[in-house]
Novice: 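Below is one structure. I have some questions about it.
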Amino acid sequence: MRALLTKHSLLTPRRLHALHVPCLRHAYTTTTTAARLPHFLQISDEVRSALAESRPVVALESAVYTHGFPVPDNLALSHAMEAAVRDAGAVPATICVLRGKARVGLSKAEIEEMTSAAGKEGTVKVSRRDLGFVTGLPFINPQRSFVGGTTIAGTSLLAHMAGIKVFATGGLGGVHRGVSSTWDVSADLTELGRTPIAVISSYAKAFLDLEKTLEYLETQGVYVATFNKSGMMPAFYSAESTIKAPSVLKGAEEAAAVIYASHALGLQSGQLFTNPVPLSHEIPHEAITDIIAAAVQKARDDGVSGKDVTPYILSDILQRTGGKSIECNRALLVNNASMGAKVAVELAKLEGGGRNQAASGFMPATPSPPVATPPAPAASPIAITTPKQPQPTPTHPDPEVIVIGGLALDLSCDFTPPPSSSPSPSSSSPTTTSTTPVLHTSNPSSISETLGGVATNVSHALHLCGTPTRLVSSVGTDLAGTWALSQLTARGMDTSGITTSATHPTARYVATNTSTGALFVAAADMRILDTLPAPALPPSARWVIADGNLPPATLAALIATCAEKGARFVFEPTSTAKAARIFTPALPLGAVTAAAPNVHELSAMHAAAEAAGLLDTATAPEWWAALDDLRLGAQFRDRLTHLGAGNGIGARLQAEGVLQKAVQLAPYIHTQYVTMGAEGVVVVHYGGAEGALGRGAVEAEGVEGSRIAVGWFGPGEVLQEGQGGGVVGVNGAGDTFLGVLVAGLVRGWDVPRAVGAAQRGAVMTLRSREAVATGVGAVMGE
C-alpha cells in the first residue's frame with residue numbers, strides 16, 4: 001500500500017488550486033468563457049483569498065527559473081523571492097504553466113516541479129503568444145504537457161487576468177542592439193503598453209539598446225520612473241546608467257499613488273518602476289560595458305536569434321564575469337521582490353482606506369461592501385415593507401432536518417447592453433456588441449431582489465420537497481431582516497431558529513451577471529454569521545446541514561453534537577475560501593456524513609486537510625490505517641479510467657487529481673457528491689453496501705468489510721446560456737441540488753435515485769429567476 005504513494009498513484013494529491021473566476025458558486029453550464037476558463041487557468045487558494053480580501057499580492061515570473069538560473073540555484077532563488085515578498089507584508093504569486101494549466105500562485109510542491117524541469121525537454125518559455133499552445137494541446141491530449149516559464153509579457157497578462165496589479169522581476173526585455181536589421185523588440189514592451197500592470201525591475205537587461213527601449217516605452221504610453229535619487233536610470237547590473245529617468249519617485253508610497261490613480265482613470269497601459277541593484281552587488285557600468293559588447297557580438301557571430309538571444313548572452317556574460325553577474329542578478333531579483341511587496345502594501349492602503357478600489361482586469365477582486373445599509377429604491381420589496389399587526393405563530397411539524405448558515409438578501413444585477421450605434425452589415429437594426437458589463441462605470445441593468453443565502457436556499461428546497469425542515473440563522477434589526485422574515489413566513493417555513501442581531505446588518509449577496517445570465521462578479525457580507533452559535537438539536541432531527549459561512553468553532557461544535565446525538569452531518573462548502581473551515585487537527589474519522597463540493601472546493605478541502613495534518617501517515621495513523629485496509633492498487637486505478645461508460649471522464653478526473661483527493665478524504669467524509677456542472681456528478685462513497693451507487697460504479701472491498709465505491713452520474717439535461725439557451729441564472733442551482741438530494745435520502749432513496757432528482761431540481765432552478773425554483777418539489781414524484 002505504501003508503494004502507492006507515488007507521483008502517479010491514485011492516492012497522491014495533485015494541488016489543483018481553485019480559480020477565482022466570474023462564476024463564484026456552482027455553475028451548471030460550460031458554454032461561456034467563464035465556464036471554460038478553469039480548464040486553462042487556476043489561481044491558488046492563498047492568492048485568491050488575498051485578492052478577495054483586498055490584501056497586497058505581488059506577481060513573480062517563472063522564466064527566470066526555467067531558462068535563467070540552473071538547478072538547484074533556481075529553487076533557492078524562488079524561495080528567496082517569495083520570502084522577500086512575505087517579509088515585506090504581501091502574498092507572493094509565482095506564475096507558470098504546469099500540467100496544461102496556467103497557474104497563479106504555486107505550492108511548494110509545484111515550485112519544485114517547475115524548477116526541477118529547467119533545461120529538460122518539454123520545458124518552454126511562455127509569452128502571450130504561447131499561452132494558447134501550451135494550455136490548448138494538453139486539453140485535448142494530456143500526454144502533450146509542458147512546463148512553461150512565463151516571461152514578463154506572459155506573467156503580466158496572467159497577473160492582470162487574476163486581478164493582480166503589482167509584478168516584481170529582474171530585467172525587462174527591450175529593443176535589441178541592431179534592431180534596424182533584426183526588428184527584434186521584446187513582447188514585454190508591447191505587453192506593458194496594453195496591460196495595466198505595475199512592473200518593478202532594474203530596468204531592461206543591460207545588453208539591450210537601453211535608449212531605444214525607453215523611447216519605445218514612451219511610444220507605448222508606459223509610465224517610466226526610477227527610485228534612484230540621482231535621477232538616472234539603472235542598467236540592470238549597474239545601479240546607474242548614463243540615461244536620465246523620465247520621472248523620479250521617493251519610494252513605494254508615491255509609486256502606489258501612481259498605480260492607484262492610473263486604475264481609477266481606467267488607463268489600460270502599465271507602469272515601469274526601476275529599482276537599482278544593491279550597491280554591494282553591482283557591477284559598475286564602465287566595467288560591464290566591454291563585456292556586454294563582446295557577448296552581443298559573439299551571439300551575432302554564432303547566428304543566435306529570437307527568444308534564444310537572451311539566455312545565450314546572459315550565459316556568456318556569466319563566464320566573462322567569473323560568476324559575478326549571476327550573484328548580481330540574484331541580488332537585484334530579491335531586492336525588487338521586496339520593493340514590489342512594499343508598493344503592493346501601500347497600494348492596498350490606498351484602496352482600503354475609505355477609497356473605492358478601481359479593480360483591474362475582467363476578474364477583479366471583490367472587497368466586502370460597507371456596513372451601512374443605503375436607502376432602498378422605491379421599487380424594492382424592502383422599501384415597501386411595513387410591519388403588520390402580530391399574527392399567530394404558525395405551527396410546524398418537528399423538523400427532520402436542521403439547516404444552519406447563510407440567510408441573505410440576494411441582489412442580481414443583470415447586464416442589459418444597449419444597442420450599438422451602428423447597424424451590422426447584414427441587418428438594418430442595431431446590434432449589441434458585448435454581453436459583459438464594462439468596468440469603471442455604471443452599466444444599464446435589470447436589478448432584482450430575492451431571498452437567498454446557501455442555508456436558506458437549501459432549506460427552501462427541502463421545504464418544497466415536503467421535508468420538515470428548520471432553518472437556523474440570524475438577521476439584523478434593519479428593513480432587510482424584516483423583509484427576510486416576512487418572506488420565510490409567506491413560504492410557510494419554520495422561522496423559530498432565526499435570531500435577531502443588534503450589532504450586524506442582515507447578510508447581503510450582490511451578483512453582477514452578464515446579459516447571458518452568467519455570473520461576472522459578486523460581493524458578499526456575511527459577518528453576521530461570525531458569532532452564530534451551534535443550536536441545540538431537537539430529538540426529531542436526524543440530519544444537520546451546515547454551510548461554509550459558519551465559523552470553524554461553530555462547525556466543530558455541530559460535528560460534536562451530531563456525533564453525540566447520532567445525527568448525520570452534511571457540509572456544504574459554499575466557496576473555496578470557506579471549504580477549509582471544517583478541517584481542524586481534531587476532526588475525527590467519519591465525522592462528516594456527506595459533502596457536496598464542486599471540483600474547486602474539493603481541491604480546497606483537500607489542501608486544508610493536508611495543512612491540518614489529517615492526511616499524514618505520521619500525524620494521522622488512523623486515517624492511514626483506514627486507507628490501507630482498502631487495499632487499493634493498480635487494478636482499481638485502471639478500472640477508474642473506464643468510469644463514465646467510455647466518455648473519458650474517469651481518465652481525466654484521475655489526471656486532474658480529482659479522484660485522488662476524494663479518495664483520500666473519504667475516511668473523514670463518507671460520501672462526497674462532487675458536482676461538475678454540465679459534466680454531471682461524481683460520487684465517492686466510503687463504506688456501505690455493495691452496489692450502493694448502482695451499475696457502472698467502480699468498487700473495491702478491503703479487509704474487515706471495508707469498501708469504497710466511485711460512481712459517475714451524467715447530466716440529465718445540459719442547458720446553454722444566452723438567447724433561447726434556457727439558463728436564466730446560475731445562482732442557487734448548487735443549493736437546490738443539495739436540498740433535493742437530502743430530501744431524497746431522508747425518504748430512504750438510494751443514491752442514484754436521489755442524485756437524479758437533485759440534478760433535475762438544479763435544472764429547474766437554472767431556468768428560474770428565483771434562488772430555488774418554486775416548482776422544484778415536483779421532482780420528488782417523478
Side-chain angles (χ1 to χ4, degrees), residues 25-26 28 381 394-410 412 448-473 483-498 509 540-547 568 570 572 574 594 596 673 675 681 716-717 719 726-749 751 753-782:
R25 296 242 46 254
H26 302 283
Y28 278 72
T395 58
H396 298 277
D398 293 336
E400 294 183 51
V401 182
I402 300 294
V403 185
I404 177 170
L407 168 58
L409 172 66
D410 283 357
S412 294
S448 59
E449 295 139 326
T450 58
L451 190 61
V454 173
T456 302
N457 295 340
V458 172
S459 62
H460 190 202
L462 280 157
H463 174 73
L464 291 173
C465 291
T467 304
T469 303
R470 177 177 297 165
L471 173 63
V472 177
S473 191
W483 179 76
L485 288 172
S486 69
Q487 291 295 301
L488 292 172
T489 301
R491 294 174 180 178
M493 296 176 62
D494 183 352
T495 61
S496 61
I498 309 297
Y509 175 82
S540 60
R542 297 185 293 143
W543 293 74
V544 173
I545 304 174
D547 74 27
R568 297 173 176 86
V570 180
E572 212 297 334
T574 305
Y673 301 88
T675 59
V681 179
E717 184 177 2
L719 303 183
V727 174
V728 175
V730 299
N731 299 333
D735 305 334
T736 302
F737 173 87
L738 180 58
V740 176
L741 174 73
V742 174
L745 297 176
V746 168
R747 294 190 181 191
W749 290 0
V751 170
R753 183 180 179 186
V755 169
Q759 290 178 305
R760 293 192 296 275
V763 168
M764 292 181 69
T765 291
L766 286 171
R767 289 195 170 107
S768 170
R769 287 197 175 275
E770 297 295 321
V772 178
T774 54
V776 76
V779 302
M780 305 303 288
E782 295 178 0

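Quick caveat: nothing in here was measured; it's all calculated off a predicted structure.
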Novice: Throw together a table of side-chain donor-acceptor distances under 3.5 angstrom for residues 456-465, partners on residues two or more places apart or in other chains.
Specialist:
unit_1: T456; atom_1: OG1; unit_2: G406; atom_2: O; d: 2.8
unit_1: T456; atom_1: OG1; unit_2: G452; atom_2: O; d: 3.3
unit_1: N457; atom_1: ND2; unit_2: G453; atom_2: O; d: 3.4
unit_1: N457; atom_1: ND2; unit_2: D735; atom_2: OD2; d: 2.9
unit_1: S459; atom_1: OG; unit_2: A455; atom_2: O; d: 3.0
unit_1: S459; atom_1: OG; unit_2: T456; atom_2: O; d: 2.9
unit_1: H460; atom_1: ND1; unit_2: R491; atom_2: NH1; d: 3.4
unit_1: H463; atom_1: NE2; unit_2: R491; atom_2: O; d: 2.9

Novice: Run through D410, V772, L488 and flag the one making a side-chain contact (heavy atoms from CB on, under 4.5 Å) with L451.
Specialist: L488
Novice: Nearest heavy-atom pair of A757 and W749: which atoms, and what distance?
Specialist: CB-CZ3, 3.8 Å
Novice: Nearest 0.5 angstrom please: L409 CG to T450 OG1, how far?
Specialist: 7.5 Å
Novice: Look up atom CG in D494 and atom CD1 in I402, then write down how far apart they are to the nearest 0.5 Å.
Specialist: 7.5 Å
Novice: How about T467 and W543: do any of their side-chain heavy atoms sit closer than 4.5 Å?
Specialist: no
Novice: Verify side-chain contact (heavy atoms from CB on, under 4.5 Å) between V570 and V401, making sure each step is shown before the conclusion.
Specialist: CA-CA 10 Å; V570 180; V401 182; over 6 Å; no
Novice: If I take atom OG1 from residue T736 and atom CG from residue L741, how far apart are they, to the nearest 0.5 angstrom?
Specialist: 12.0 Å
Novice: Rounded to the nearest 0.5 Å, how far does CE of M493 lie from NE2 of H396?
Specialist: 9.0 Å
Novice: So which heavy atom on R470 is nearest to which on P399, and how close?
Specialist: NH2-CD, 3.7 Å
Novice: Looking at residues at least two apart in the chain, or sitting in another chain, which of them share a side chain to side chain contact (heavy atoms under 4.5 Å, CB included) with P397?
Specialist: P468
Novice: R747: which residues meet the side-chain hydrogen bond (donor to acceptor under 3.5 Å, both in side chains) condition with it, sequence neighbours left out?
Specialist: none
Novice: Taking all non-hydrogen atoms of both residues into account, name the closest pair between A594 and Y673 and its distance.
Specialist: CB-CE1, 3.9 Å
Novice: Under a 3.5 Å distance rule, please check whether S768 uses its side chain to pair with a backbone N or O of T765 as donor and acceptor.
Specialist: no
Novice: Applying salt bridge (Lys or Arg N to Asp or Glu O under 4.0 Å), which residue pairs with at least one partner in residues 399-409 are found, sequence neighbours left out?
Specialist: E400-R542
Novice: For residues F737 and A762, report the shortest heavy-atom separation together with the two atoms involved.
Specialist: CB-CB, 4.3 Å
Novice: Report the residues that fulfil side chain to side chain contact (heavy atoms under 4.5 Å, CB included) with A546, sequence neighbours left out, ordered by chain and then residue number.
Specialist: I404, L550, L555, L558, F569
Novice: My understanding is that only residues two or more places apart in sequence, or in another chain, count here; which of them pass side-chain hydrogen bond (donor to acceptor under 3.5 Å, both in side chains) with T774?
Specialist: none
Novice: Rounded to the nearest 0.5 Å, how far does CE of M780 lie from CZ of R753?
Specialist: 7.5 Å
